Amino acid sequence: MNIKPISGSPAPADVASDLRALANLIEHDTDGYLAAVLHGIFKLPIWPAHAAGYEYDAEKGAIIRDRPAIMAEAIRRFKTIAVGPVTKVYTDRGDGYFEAVIPLRGLPLTLTDERAEVCERVVIHVETVTEQVPDPEYLAAAPTVAVEREVEHVEWKCTPILSHTEAVSA
């Protein structure tokens, strides 16, 4: 996939040189302070879509196209240095995020995006439930009446991302 980085991004050779310099510092860091600092930085989630080029729409603002493909490509590229299987994290607890955790030896590497942007919300069934609620006409006396409503049960399908990343486990 041809991903266009945002303008002003550093040259790959410059970033590689900086990382080699950091690695050299850390290897000679006798008390582990620099390793701890970098570990803290890497604990922050990385948003691959934010490194891709934006398109600007006058009504919607900045738009990132094809976010599932950008996430899949980031996972595919980083997976080459993983020391174990890439794990996916997304739950229906309302946080709204998809995370792919790339296991490295000493640093965490978490790729993140909005779940609704990279996954498909699939209603697996709808359930009608009955609740007791105050009767609006007699609210002062507060009797209750039975009211039915539908509750959607959903799951998130992230197959556009995960199908391109091979060995991904839950």
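Worth saying up front: this structure is predicted, and the values here are computed from it rather than measured.
Of all heavy-atom pairs spanning Ile46 and Pro48, the tightest one is O-CD, 3.1 Å. Residues Gly84 and Pro103 share a closest heavy-atom pair of O-CG, 3.4 Å. Looking at every heavy atom in both residues, Trp47 comes nearest to Asp113 through CZ3-CA, 3.6 Å.
With rounding to the nearest 0.5 angstrom, the OH atom of Tyr97 is 6.0 Å from the CD atom of Glu114. Here Arg67 contributes atom CZ and Phe98 contributes atom CZ; the two are 13.0 Å apart, rounded to the nearest 0.5 Å. Once rounded to the nearest 0.5 Å, the distance linking OG1 of Thr128 with CD of Glu148 reads 6.0 Å. Taken from CD1 in Ile70 to CD in Glu117, the straight-line distance is 10.5 Å, to the nearest 0.5 Å. Summarising the geometry, atom CG belonging to Leu109 is positioned 5.5 Å from atom CD1 belonging to Ile102; distances are rounded to the nearest 0.5 Å.
By the criterion of side-chain heavy atoms lying less than 4.5 angstrom apart, applied directly or through intervening Ile, Leu, Val, Met, Phe, Trp or Tyr residues, Val126 is not grouped with Val122; the two fall into different hydrophobic clusters. Ile26 is connected to Tyr33 through a chain of hydrophobic side-chain contacts under 4.5 Å among Ile, Leu, Val, Met, Phe, Trp and Tyr, so both are in one cluster. Cluster membership for Ile41 and Leu34, using ILVMFWY side-chain heavy atoms within less than 4.5 angstrom, is shared.
With a 4.5 Å cut-off on side-chain heavy atoms, Leu38 and Leu22 count as touching. Side-chain atoms of Leu111 and Met71, non-hydrogen and from C-beta on, do get closer than 4.5 Å to each other. Residues Leu104 and Ile81 form a side-chain contact, since some pair of their non-hydrogen atoms from C-beta on lies under 4.5 Å apart.
Classification of Glu131 and Arg149 as a salt-bridged pair holds, one side-chain N sitting under 4.0 Å from a carboxylate O.
The aromatic rings of His125 and His153 lie parallel to each other, their planes meeting at an angle below 30°, with 60° marking the opposite boundary.
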Chi angles and distances behind the salt bridge (Lys or Arg N to Asp or Glu O under 4.0 Å) call for Glu99, Arg115:
CA-CA 8 Å; Glu99 293 181 337; Arg115 185 177 53 208; over 6 Å; no
Side chain to side chain contact (heavy atoms under 4.5 Å, CB included) between Val129 and Glu127, worked out
CA-CA 6 Å; Val129 297; Glu127 174 183 6; 3.9 Å; yes
